[in-house]
**Q** 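Here it is, the structure, as structure tokens.
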2 protein chains.
Amino acid sequence: MATRDTGTEQLIKDTAKRIFFSEGKLHATTQDIADAAGVNRTLLNYYFRSRDILFEQVVLEARAEMSAIMDSIFTAELEFKDKIQQMINIFMEQAMQFPYREMYVVMEFNRTEKIVPEEKKNKIRQFLKEINAEMEKGKIKKMDPRQFLMNLFALMAYPLITNCLNKSLYNINDAEYLKLMKERKQLIFEMIYQ
Amino acid sequence: MATRDTGTEQLIKDTAKRIFFSEGKLHATTQDIADAAGVNRTLLNYYFRSRDILFEQVVLEARAEMSAIMDSIFTAELEFKDKIQQMINIFMEQAMQFPYREMYVVMEFNRTEKIVPEEKKNKIRQFLKEINAEMEKGKIKKMDPRQFLMNLFALMAYPLITNCLNKSLYNINDAEYLKLMKERKQLIFEMIYQ
DNA sequence: TTTGTGTTTAACAAAAATGTTAAACATAAT
DNA sequence: ATTATGTTTAACATTTTTGTTAAACACAAA
């Protein structure tokens with residue numbers, strides 16, 4: 001008999017991702033995750049052997065998902081302008097679903113000092129060149145292309161991380177926040193691509 | 001005899017702040033902090049009774065420090081343009097020293113759902129009006145003033161949080177990163193205040 | 001010097017979180 | 001229906017982290 005696949009393994013991973021990346025509960029324990037998934041805590045050990053392995057796998061998959069999205073846009077056969085527009089659309093939709101995913105990955109990166117594969121760096125270098133070309137053409141404001149990328153990601157990611165605080169500070173509800181975030185797509189494009 | 005003040009209490013708090021806000025070690029234990037401070041772990045209990053109380057106090061002080069800076073700028077007797085410039089200068093200097101402080105406070109806010117005092121909200125409302133006025137004058141691009149503030153803070157805070165990752169992705173060292181961050185001050189101003 | 005009090009330490013205790021095991025359970029194949 | 005094997009559970013064990021206590025220490029005042 002191969003495997004019965006009750007879906008439990010996937011359920012556990014999905015629940016962990018929800019708790020970490022959507023709800024932002026950085027200090028969740030294995031018990032927290034088991035409870036949220038509605039399964040016995042022992043099952044985390046059965047499927048993943050240890051807490052560390054589960055968490056590592058979750059981060060690994062998160063990185064892979066994010067990389068896949070970035071790569072598909074970086075290397076797409078599109079005008080630069082359209083790439084940016086698509087990037088904003090896809091990234092913001094993802095960020096609305098998993099506001100803390102990037103932060104979690106960044107923190108894990110700080111903690112473990114993982115190495116970035118040369119292949120990925122090359123793709124980025126290539127995109128930095130594209131940015132530079134667009135600046136030469138006078139389409140976007142001239143600056144260090146790395147600053148350009150930092151600006152773009154900052155504008156996209158940050159407001160979602162600070163979701164809760166912003167809602168309190170500005171007295172806005174979920175519906176209005178959603179509206180603001182959708183408006184941001186266009187707004188970011190205009191700021192970046194003047 | 002009142003108190004001998006060996007400076008230990010302050011040392012512990014400062015060390016905790018360094019570990020959390022500068023080094024970004026979100027999961028630091030009391031032992032980690034004691035070791036980093038070079039004191040016996042029991043002293044954390046002697047001075048603060050419990051881990052939770054220490055951590056809460058550290059966050060409380062962080063919020064107070066950040067609030068004080070914001071308030072002083074919000075209510076300063078300055079032209080709007082100069083306020084923004086000063087905001088960028090001070091915030092960026094702070095963020096370079098404590099890149100993860102804001103994030104930590106935001107995460108704690110998510111966790112505890114603290115209430116924002118009405119007085120603080122009023123100061124923000126006041127500043128939002130100032131932003132609006134500046135937009136009416138045609139000095140800055142028209143948009144929801146809340147978006148304006150989100151943009152500003154995003155551009156300032158985010159690249160410092162992602163410090164480590166950026167250095168890897170773009171192959172830059174500490175010195176160059178510092179230079180990039182200093183350049184950002186002017187760059188952010190130009191993006192915001194076109 | 002002695003005494004009193006605040007500070008520091010080490011040993012111990014308790015609590016929280018994680019890991020292991022064996023038995024119960026469920027289901028596909030025989 | 002029985003068997004074999006993957007899945008789930010509960011009880012237990014271990015490890016990690018936090019909290020408590022009493023004694024040692026240090027230093028100013030008497």
Side-chain angles (χ1 to χ4, degrees), chain A residues 1-62 100 104 107-108 110-113, chain B residues 1-62 100 104 107-108 110-113:
Chain A
M1 213 181 307
T3 171
R4 229 168 266 157
D5 189 13
T6 53
T8 306
E9 182 170 358
Q10 194 58 46
L11 171 66
I12 290 170
K13 276 198 290 195
D14 288 345
T15 306
K17 286 176 182 173
R18 198 186 75 224
I19 288 185
F20 288 139
F21 306 152
S22 298
E23 300 175 11
K25 291 174 183 164
L26 273 289
H27 295 83
T29 66
T30 52
Q31 188 69 65
D32 293 334
I33 293 168
D35 288 350
V39 303
N40 191 294
R41 184 179 56 81
T42 314
L43 287 180
L44 306 214
N45 289 299
Y46 175 70
Y47 284 107
F48 302 97
R49 292 241 306 290
S50 78
R51 180 202 109 113
D52 284 355
I53 294 175
L54 166 60
F55 286 14
E56 207 176 313
Q57 196 164 324
V58 162
V59 176
L60 204 73
E61 289 185 17
Y100 306 101
Y104 195 96
M107 289 304 189
E108 277 304 295
N110 287 350
R111 208 171 58 78
T112 57
E113 282 288 354
Chain B
M1 212 180 305
T3 171
R4 228 170 265 158
D5 190 13
T6 53
T8 306
E9 183 169 359
Q10 194 59 45
L11 171 65
I12 291 170
K13 274 199 291 193
D14 289 344
T15 306
K17 286 175 183 174
R18 198 187 75 224
I19 288 185
F20 288 139
F21 305 152
S22 297
E23 301 175 11
K25 291 174 183 164
L26 273 289
H27 295 83
T29 64
T30 53
Q31 188 68 64
D32 293 333
I33 293 168
D35 289 349
V39 304
N40 190 295
R41 182 178 58 81
T42 316
L43 288 180
L44 306 213
N45 288 300
Y46 176 70
Y47 284 108
F48 302 96
R49 291 241 306 290
S50 77
R51 179 201 110 111
D52 283 355
I53 294 174
L54 166 60
F55 286 14
E56 207 176 313
Q57 196 163 325
V58 162
V59 175
L60 206 72
E61 289 185 17
Y100 306 101
Y104 195 95
M107 288 306 189
E108 277 305 297
N110 287 351
R111 210 171 57 79
T112 58
E113 282 289 356

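Only heavy atoms go into these numbers, but all of them, side chains included; no hydrogens, no water, no symmetry mates. First the proteins, then the strands, lettered A, B, ... as listed; each starts at 1.
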**Q** Between A/Arg51 (CZ) and D/dT16 (P), how many Å, whole number?
**A** 12 Å
**Q** With the threshold set at under 4.0 Å for non-hydrogen atoms, list the residues of residues 5-30 of chain B touching DNA chain D in residue-number order.
**A**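 Nucleic-acid contacts, sorted: B/Thr29, B/Thr30.
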**Q** According to salt bridge (charged side-chain N to carboxylate O under 4.0 Å, His left out), who are the partners of A/Glu23, at least two apart in sequence or on a separate chain?
**A**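 Checked A/Glu23 against salt bridge (charged side-chain N to carboxylate O under 4.0 Å, His left out); matches are A/Arg18, A/Lys25.
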**Q** Restricting to side chain to side chain donor-acceptor pair (under 3.5 Å), what partner residues turn up for B/Lys17, sequence neighbours left out?
**A**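 Side chain to side chain donor-acceptor pair (under 3.5 Å) check on B/Lys17 returns B/Glu61, B/Glu65.
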**Q** Got a sec? Which of residues 32-50 of chain B come in under 4.0 Å of DNA chain C, heavy atoms?
**A** B/Asn40, B/Thr42, B/Leu43, B/Tyr46, B/Tyr47
**Q** In chain order, what residues pass the side chain to side chain donor-acceptor pair (under 3.5 Å) check against B/Thr42, with sequence neighbours excluded?
**A** B/Asn40
**Q** Tell me if the CD atom of A/Glu56 is crowded by more than 12 foreign heavy atoms within 6.0 Å.
**A**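 No, the 6.0 Å shell around CD holds no more than 12 heavy atoms from other groups.
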**Q** What is the distance, rounded to the nearest whole Å, between atom CD of B/Gln31 and atom P of D/dT15?
**A** 18 Å
**Q** Please report how far the helix from C/dT1-D/dA30 to C/dT30-D/dA1 bends, comparing the axis fitted to its first five pairs with the axis fitted to its last five, to the nearest 10 degrees.
**A** 0°
**Q** Roughly how many Å is it from CG in A/Asp52 to P in D/dT15, rounded to a whole number?
**A** 15 Å
**Q** Please name all residues satisfying ring-ring contact (aromatic ring centres under 6.0 Å, His included) with B/Tyr104, sequence neighbours left out, ordered by chain then number.
**A**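 Partners of B/Tyr104 by the ring-ring contact (aromatic ring centres under 6.0 Å, His included) criterion, ordered by chain and then number, come out as B/Phe20, B/Phe21.
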**Q** Taking side chain to side chain donor-acceptor pair (under 3.5 Å) as the definition, give me every residue that meets it alongside B/Thr8, ordered by chain and number, with sequence neighbours left out.
**A** B/Thr6
**Q** Can you list the residues that meet the side chain to side chain donor-acceptor pair (under 3.5 Å) rule with B/Asn110, with sequence neighbours excluded?
**A**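 For B/Asn110, the residues satisfying side chain to side chain donor-acceptor pair (under 3.5 Å) (neighbours in sequence not counted) are A/Tyr100.
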**Q** Please identify each residue that fulfils side-chain contact (heavy atoms from CB on, under 4.5 Å) with B/Leu60, with sequence neighbours left out.
**A**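 For B/Leu60 there are no side-chain contact (heavy atoms from CB on, under 4.5 Å) partners, ignoring immediate neighbours.
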**Q** With sequence neighbours excluded, give me every salt bridge (charged side-chain N to carboxylate O under 4.0 Å, His left out) pair touching residues 30-55 of chain B.
**A**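 Matches after skipping sequence neighbours: none remain.
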**Q** Do any pairs count as a ring pair (Phe, Tyr, Trp, His ring centres under 6.0 Å) and have a residue in residues 33-52 of chain B, sequence neighbours left out, and if so which ones?
**A**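 As it turns out, there is no ring pair (Phe, Tyr, Trp, His ring centres under 6.0 Å) pair with a partner in residues 33-52 of chain B once direct neighbours are skipped.
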